[in-house]
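Here the structure comes first, spelled out in structure tokens, and everything after it is commentary.
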Number of protein chains: 4
Amino acid sequence: MPRKPAEQTVQPDAILKAAATVFYRRGYHGATMADIAAEVNLTAGSLYHHFPSKEDLLCAVLDRGLAQITRDVRAVVDGGAPSADKLRAIAHIHVLSEIEHSNIAAAVIFEGRALLDVPGVRDQYVRQRDTLEALYRRVVEDGIAAGDFRPLDVGIFVKALFGALNWVSLWYREGGRLTGAQIAAEIAATFLAALQPPPAEGGDFPPC
Amino acid sequence: MPRKPAEQTVQPDAILKAAATVFYRRGYHGATMADIAAEVNLTAGSLYHHFPSKEDLLCAVLDRGLAQITRDVRAVVDGGAPSADKLRAIAHIHVLSEIEHSNIAAAVIFEGRALLDVPGVRDQYVRQRDTLEALYRRVVEDGIAAGDFRPLDVGIFVKALFGALNWVSLWYREGGRLTGAQIAAEIAATFLAALQPPPAEGGDFPPC
Amino acid sequence: MPRKPAEQTVQPDAILKAAATVFYRRGYHGATMADIAAEVNLTAGSLYHHFPSKEDLLCAVLDRGLAQITRDVRAVVDGGAPSADKLRAIAHIHVLSEIEHSNIAAAVIFEGRALLDVPGVRDQYVRQRDTLEALYRRVVEDGIAAGDFRPLDVGIFVKALFGALNWVSLWYREGGRLTGAQIAAEIAATFLAALQPPPAEGGDFPPC
Amino acid sequence: MPRKPAEQTVQPDAILKAAATVFYRRGYHGATMADIAAEVNLTAGSLYHHFPSKEDLLCAVLDRGLAQITRDVRAVVDGGAPSADKLRAIAHIHVLSEIEHSNIAAAVIFEGRALLDVPGVRDQYVRQRDTLEALYRRVVEDGIAAGDFRPLDVGIFVKALFGALNWVSLWYREGGRLTGAQIAAEIAATFLAALQPPPAEGGDFPPC
DNA sequence: CATGAATGAGAGTTCATTCAT
DNA sequence: GATGAATGAACTCTCATTCAT
């Protein structure tokens, strides 16, 4: 007894965005297929024409989100800019991904845990996440090697940076005091300050 | 025909710890009352002798966790140590709370979102969280006022610090390369480095 | 945007065979329209160009199957062969129908029950089934009347024969030890042996 | 918001009987958990306190039914009665099981197919079924070996017997012309007649 | 207090059916 | 005619919650 066909066909892309939004808003377990469907003016059952299950939907969201941010970050990392600029650029990408691209990145960040029970899926997710982290790490390591940054525990440093950047999605509100770009710049500045090499011993000063 | 009472009466405290653990592990919506009960060798129904609902359990966990860490942090902030030492101390408290106290703090961090739908509850939670954040902010502001730290956007800085510290609960594994204390120290060092005032322009140096 | 029509128009006949196969394989309730459609390289929706509903499909299958076997059996029963030959012939028809004609007969046998809820449909189905049974019964009764078979409870006998013949569809496997014809012959032989009149008391023997 | 506790505790046994009845009436796929639950004055969800899934319920029904009839039949087969008496006895057991023991046996017979998709389960079911069939076969083979029965294709014969006996559950109606015991006796008589050795060629008669 | 059994409100998922293209 | 997308009803299963024992 179906009656009313949808006004216009829904793209799987729109569903992914809707899912990301709802997963982020309610969490994976708290989100219902009906919630997601409503976001694109569908009913829950209709989603199954596009994705075989809720879990697959989450996988697709995470996959898509990580792939996108990874691609953008990699472009920066592979570029020829100074390390400090690279770090500023990836902070920018990271924050903007979180707050602009339909929360896909934010869902990635916080709901990836929901997948950690499903072994096959988990592995792929963890691998992608590690790939991204490795890119951040490379920027820092290269900067240290080049003498632009002071040596420190890169592992902890990158995880702290990740935490600071990811956390933005939890407190950012549109129309707040600062734009996403400004927030990214400020965070980058903070972490760059922490990477500042100490003033060279005497070297900067002309001999008396 | 239940006959055999638990070996020893279960303290509400143990239930809170169990709930925190399970909330952290599975998320609020993913956790079941049976999961939590099993953690203390009870059945789901028995939990209702101690807490009126699952939501109340979460509230209690968050309340307890925030209250505890807030109390500890406040003690430090109210003390007379130099700002840098205070920041090191609260990082230590923060990280240790996350990874040692039965994940209560970690649950606080990530599952507080589950309460954001319930208005009355939400407000109390947000208020407590803001109280804690204000303490961190005070340390930074005092340090800046005292000239120990360089001036910067304190709001962003504190949120970045929060993110970096909270993130630890997502990647920390017992028996890893570093202890919680070492991690806290490293993160504190990073953020303190970012707070380092630039070398005074010449003033520190005697005239040549 | 469907563009490519099926290679060649699908006959309702092919759909009926497909439906019979799937109904037999999965049972009426276990079979989906998509299953049936796939069997003839269609999609579920397309079936509705040929049959108004799943129930109608089952009706058509049963109707067709029963009509066919009834026609064949009637031809034998109305013929002039000896009763024993008639019984052999209908066993042959019955078994071959089950295992060769796309399981239509087998579906008839086991899935007719699914219709027993729908009153109007049920009646027609039951009537057809009784018609078929009456033909079997006539062969036995005629044989008894003619003195070829020993008298016995014809109702039970025919139902036992039905059961034995129908059961074949549940255990027959293509390429097994015996062909369908051999199985039919063996079953017929068994039931004919049971119909054997006892040796006449003395009458057959010349006086000593 | 549960309100009304059941008047009296339901035994798993009662659920099994209910399930057998409903499975038989509607078929496995046509039966709903609510149907089964209603039969014992429960709601669907409550069944899950006793059986982990609908499939498990079917397994339990089949297991129980097959085990019971197999036990009874084995007792007869292992006894010392003449082969003909054994065959009469097992026909009696078989038919009575079908029509009296809550349709468990009938469900076994017709709904076992629903399990044939689940490999692990299927194997156990098939094994049990084969065990039962082997008992029937043994009776016939022993009878032949003892010269009580004429030699014939035992495989087909036993399957025909099975079919005839199982079919009873499809047409038997309480209060009909014959009791279950009478039906069993008649079917046994039919098959025993088919097993009758032909009158010895003259040898039995004294020379004239 | 603890328990096991029960409940009712969904949740995810399936599926027969419809319909614009 | 065929299709893909959509729907709504129904189903299996889960779970927070209650309560007699």
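Residue numbers begin at 1 in each chain, while the letters A, B, ... track the order of the sequences. The structure displayed is predicted, hence computed values, not measured ones.
Taking the nucleotide of DNA chain F with the nearest heavy atom to each of D:A34 and D:H49, the more 5' of the two is matched to D:A34. Both B:M33 and D:E55 sit near DNA chain F, but only D:E55 has its closest nucleotide nearer the 5' end.
Within the nucleic acid shown, C:A31 comes within 4.0 Å of sugar-phosphate atoms alone, with no base atom in reach, counting heavy atoms only. Across all strands shown, A:T32 has heavy atoms under 4.0 Å from sugar-phosphate atoms exclusively, and none from any base.
Nearest to the side-chain atoms of B:S53 among the listed nucleotides F:dA2, F:dT17, E:dT13 stands F:dT17. With E:dA2, F:dT17, F:dA2 as the candidates, the nucleotide lying closest to the side chain of B:L42 is E:dA2. Closest to the side chain of C:T43, out of E:dT13, F:dG4, E:dT3, is F:dG4. The listed nucleotides are E:dG12, F:dC13, E:dT7; the one nearest the side chain of D:K54 is F:dC13.
Looking at D:K17, its side chain never comes within 3.5 Å of a backbone N or O of D:P12 through a donor-acceptor pair.
Atom-to-atom, CD1 of D:I36 to C1' of F:dT12 comes out at 11 Å; the value is rounded to the nearest Å. Between the CD1 atom of B:I15 and the C1' atom of E:dA2 there is a distance of 11 Å, given to the nearest Å. Atom P of nucleotide E:dA5 and atom CZ of D:F51 are separated by 12 Å, given to the nearest angstrom. Between A:Y48 atom OH and F:dA10 atom C1' the separation is 14 Å, expressed in whole Å. Distance, A:H29 NE2 to F:dC15 C1': 13 Å, rounded to whole Å. Atom P of nucleotide E:dT14 and atom CG of A:L47 are separated by 12 Å, given to the nearest angstrom. Atom C1' of nucleotide E:dG12 and atom CZ of A:R26 are separated by 17 Å, given to the nearest angstrom. Atom pair A:H50:NE2 and E:dT13:P shows a separation of 15 Å (rounding to whole Å applied).
In a base pair of the Watson-Crick type (N1 to N3 plus N6-O4 or O6-N4) or a G-U wobble (N1-O2 and O6-N3), with each distance short of 3.5 Å, E:dG8 is matched with F:dC15. E:dA20: Watson-Crick or G-U partner is F:dT3, with both key distances under 3.5 Å.
Here the CZ atom belonging to D:F51 is positioned 8.5 Å from the CG atom belonging to D:D56, to the nearest 0.5 angstrom. Of the inter-residue distances, the one linking C:Y24 atom OH with C:E98 atom CD reads 8.0 Å to the nearest 0.5 angstrom.
For the pairing with B:L16, the side-chain contact (heavy atoms from CB on, under 4.5 Å) check across B:I36, B:D63, B:L57, B:T21 returns one residue only, B:L57.
In terms of phosphate contacts, D:S46 brings a side-chain nitrogen or oxygen within less than 4.0 Å of OP1 or OP2 of E:dT7.
A salt bridge links A:R64 to A:D13: one of the charged nitrogens lies within less than 4.0 Å of a carboxylate oxygen.
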